[in-house]
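Every chain is numbered from 1, with letters handed out A, B, ... down the list of sequences.
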There are 2 protein chains.
Amino acid sequence: MRRDIFQAIADPTRRAIITLIALQAMTPNALAEHFDTTRQAVSKHLRILTECELIKQEHKGREIYYQLEIDKMKEIDKWIEQFRKIWETRFNQLDDLLSTIKKQKK
Amino acid sequence: MRRDIFQAIADPTRRAIITLIALQAMTPNALAEHFDTTRQAVSKHLRILTECELIKQEHKGREIYYQLEIDKMKEIDKWIEQFRKIWETRFNQLDDLLSTIKKQKK
DNA sequence: TATATGTGCAACTTTTCGGTTGCGCAAATA
DNA sequence: TATTTGCGCAACCGAAAAGTTGCACATATA
């Protein structure tokens, strides 16, 4: 099974899970209430997210609280960074262009 | 067919395509040379990327140059932003803690 | 101790995905 | 005009994904 973060966040339910537990750790049952699927399906998503270390478990009696491994999210941010550089450069170029026009007006 | 950006960037080949054409617009044939698949397979990826408006075509004779719609990439960045806020907050909290410890030492 | 609850795991099914092959079409070239 | 080249599209195939159902197991609770 190929498991990487990008494949993990491809599924909308998994993205919703990530957003939910980003605020506070939650149990599978609590999470399942938010979706129109079975608890087992949610559990499966949690396993996938755990496998690529996007979330981690915290056992509390018979309950298992899942919480976000925020640092792992940085890996996605790292990939986006190369593009952020591009759009920031373009923005600056536009900025330069605008100020050049401004100067010409004077 | 459900097509969203996150599903689009889930595939490693598609991510590579995006990175390649971010630098300069390319034709399907030119792109295919970079991968160990057929031109048709690449073409299929290009169609998916086009469908979710991550790339756009520019016809030049019988050749089609594909180029990145950099603005669309911002949507991914937008999703990441909520988590960036979290890790920046935590970083600042750690920073506060460290300076508190420093003060106590004095 | 018997029962209820919270959970993960395995088996199975249906859908989706990524790839190949074969085709047709338009533009360039001989 | 005949041929080559660049391309998209449709049909098909195997693998993987996402969901359901049924089960086992540990921890609470009566």
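For the pair A:His45 NE2 and D:dA16 C1', the interatomic distance rounds to 14 Å; values are reported in whole Å. Nucleotide D:dA15 holds its P atom 18 Å from the CD atom of A:Gln7, rounded to whole Å. Distance CD (A:Glu51) to C1' (D:dA18): 14 Å, rounded to an integer number of Å. Taking atom CG of residue A:Asp11 and atom C1' of nucleotide D:dA16, one finds them 14 Å apart after rounding to whole Å. Rounded to whole Å, atom C1' of D:dG19 lies 15 Å from atom CG of A:Leu46.
Counting non-hydrogen atoms of neighbouring residues, nucleotides and ligands closer than 6.0 angstrom, the CG atom of B:Asp36 reaches no more than 12 such neighbours.
A:Glu88 contributes no side-chain N or O that, together with a main-chain N or O of A:Lys85, makes up a donor-acceptor pair within less than 3.5 Å. The main-chain N or O of B:Ala10 is found under 3.5 Å from a side-chain atom of B:Arg15 such that the two form a donor-acceptor pair. Between the side chain of A:Ser43 and the main chain of A:Arg39, no donor-acceptor pair closer than 3.5 Å is present. The main-chain N or O of B:Ile9 is never found under 3.5 Å from a side-chain atom of B:Arg14 such that the two would form a donor-acceptor pair.
Within residues 58-67 of chain B, the residues approaching DNA chain D are B:Arg62, B:Glu63, B:Ile64, B:Tyr66, by heavy-atom distance under 4.0 Å. Taken residue by residue, residues 22-43 of chain A places heavy atoms nearer than 4.0 Å to DNA chain D at A:Thr37, A:Thr38, A:Gln40, A:Ala41.
Residues passing the salt bridge (charged side-chain N to carboxylate O under 4.0 Å, His left out) test with B:Asp77 are A:Arg84, B:Arg84, sequence neighbours excluded.
With A:Met26 as the fixed residue, the side chain to side chain contact (heavy atoms under 4.5 Å, CB included) test singles out one of A:Glu63, A:His34, A:Gln67: A:His34.
One donor-acceptor pair, N or O on each side, does fall under 3.5 Å between the base of D:dG19 and the side chain of A:Lys44.
OP1 or OP2 of C:dT7 has not a single side-chain nitrogen or oxygen of A:Arg47 nearer than 4.0 Å.
B:Gln57 and B:Tyr65 form no side-chain donor-acceptor contact under 3.5 Å, judged by distance and modelled atom types alone.
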